[in-house]
Amino acid sequence: MIAGLPLGTWILMVLSTLPGLVLVVAAYRVHAGADRGQQRGGPCGPEAPQAHRDRSPDRG
Amino acid sequence: MGETGASGAIVGVLVFYFLVLIGIGWWASRESRSVSGFYLAGKKLPSWVIAFSSNTTGESGWLLLGLTGMGYLVGFHALWVVLGEVIGVALAWTLVARPFKEYTDRYDAITVPDYLSDRFRDPAHAIRIVSALIIFSMVWAYTAAQLTASGKAFSSFLGTSYEGGVLIGAAVIFLYTSIGGFKAVAYSDVLQGVLMFLCLLVLPIVGIWQAGGWGETMAAIAAADPALLRPMGEHGMSVMGVMSAISFVGIGLAFLGAPQLLTRFMSARDRGQISEGGVIAVACIIVFDIGAVLTGVAGRVLFPGLGDPETVLPVMSTELFPAIVAGVILVVVLAAIMSTVDSLLILASSAVVRDTVQKVFRPDFSDRRLALIGRGLTVVIGLGGLAVALPESRMIFWFVLFAWSGLASAFTPVVLCSLFWRGTTRAGALAGMIAGFATAVLWVLVVKEHFYDLYEMIPGFAAGFVVTIVVSLKTKPPPGAAEEMDDVKRVVGGPFTRARSGG
């Protein structure tokens, strides 16, 4: 028992919170710079989404 | 303060809150004059709005009444729900949101059936019609259950009649949703989300403090029933215990592809909002869920022997706080209910107006006319929910979980395949959608009680994936879909790899 709770419960509490936070922070660190480039329309930024619109065949 | 004074304080807080919501509806009404404006706020929303809106839409009155009740009933075993929801939200924002946003921007899609129909080149509109039918039926059930929760909340806090509570809640939701459309819904979700966040941060702290602190609370729980402290609960590592844990985790899977949540990603101003929104959404859902479980645990010590565990939050707030704070907490419960109902009404209205009227029957209708029909339909669909909720006060939260799983089982496997597997075909998507939905419904009606009470989302997802994949393998993917997927991946990058430059 640690602070009144079994070890397994603490492990479950950590598993319930940490991996999710790590995933989104990692994704943020990877993409935030490139996304800012896209918003500014910088040379390394990917194409603006609007450029692809209405490509699907069933749209006039 | 006397009982009348206490009720007066609660009513005062409530009236102020309703006026703020109606004000938001009026403020947002300028954006809602076109179909895209009414259903997606013109795709201009910032990260913090989509993050809060997504979480509060996913977390209905069930979070405040249902999950707190679960913490009361099963103790720390309810942490499995937290695990499923946090992982579900994190994966939705890291895996699904970016490619989904890119695809829907390319197609100029404003609904999930819009996206699926374009992704699978479905000129016969079969995907649209099946999607609209599923959304419509599930939203009806979901709305009815949430309005029931509104009636129960009013009667426990204010002593009004159940019917009066249902009617008051419904009137306010219909008003601001039909005036302000998606923008009003999203910004009111932020207000509602902040209230829920503060409530679930403060309530467990006060509850545990009132119970004598952390050590005393845990000791009291251990004395009441040591199984409440264990991760596998009363069943331990038995088949029943494992199935129960899997069922709890399964609740969170819906965050990966339920249409009412996917529309939040579509409404983002750009992809940058998604990177930021993910961090906000996960931090927020952790506080929501852990707070709800700990509130239930503290409530078990403070108020043992409650006849209905789902009343633990109202009981704690009226017994532990002064009337004005209890009024604020009633507002929070209503906020959780309203933030879900408003989003569902918009979703069902879009399924009819955009996916059926505009795309199938009357493409000649003007944008303004369609938005007007959308407003009217929001109220009509809500009235349908009202007709079920008014005479049926016994409808409980399993109904919410049922509608939650019906929507998610129909859409999540198909949406995931459509985003990540080039081989997915139109026939596969259609069959997978029907199979996922039908399995979830049949599981509840026929199998569930004979199979360890396993939550219907698990078989619903399994059937959705298997049928989508098997039928897709026997049919041909739409022309150009593989190249399109490669291009989307090139533009948005992977979950943890940057987009390739030179786009």
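Every chain is numbered from 1 and lettered A, B, ... according to where its sequence line falls, protein lines coming before strand lines. Heavy-atom basis, side chains included; hydrogens, waters and symmetry copies ignored.
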Worksheet item: Where does B:Ile286 contact chain A at under 4.5 Å (heavy atoms): side chain, backbone, both or neither?
Response: side chain
Worksheet item: With only heavy atoms counted, which part of B:Arg98 is less than 4.5 Å from chain A, the side chain, the backbone, both or neither?
Response: side chain
Item to complete: Return each pair, listed once, that meets side chain to side chain donor-acceptor pair (under 3.5 Å) where at least one residue sits in residues 77-94 of chain B; pairs must be two or more places apart or across chains.
Response: B:His77-B:Ser244
Discussion item. Counting only non-hydrogen atoms closer than 4.5 Å, does B:Thr497 touch chain A with its backbone (N, CA, C, O), its side chain (CB onward), both, or neither?
Written reply: backbone
N/O donor to acceptor pairs below 3.5 angstrom from side-chain atoms of residues 3-24 of chain A, sequence neighbours left out:
unit_1: A:Thr9; atom_1: OG1; unit_2: B:Leu229; atom_2: O; d: 2.6
unit_1: A:Trp10; atom_1: NE1; unit_2: A:Ile2; atom_2: O; d: 2.6
unit_1: A:Ser16; atom_1: OG; unit_2: A:Leu12; atom_2: O; d: 2.5
unit_1: A:Thr17; atom_1: OG1; unit_2: A:Met13; atom_2: O; d: 3.0
unit_1: A:Thr17; atom_1: OG1; unit_2: A:Val14; atom_2: O; d: 3.2

Item to complete: Compute whether any side-chain donor of one residue and acceptor of the other, for B:Tyr107 and B:Ser117, lie under 3.5 angstrom apart.
Response: no
Worksheet item: Any salt bridge between B:Arg354 and B:Asp114, counting N to O under 4.0 Å?
Response: yes
Item to complete: Answer with side chain, backbone, both or neither: which region of B:Ile274 has an atom nearer than 4.5 Å to a non-hydrogen atom of chain A?
Response: neither
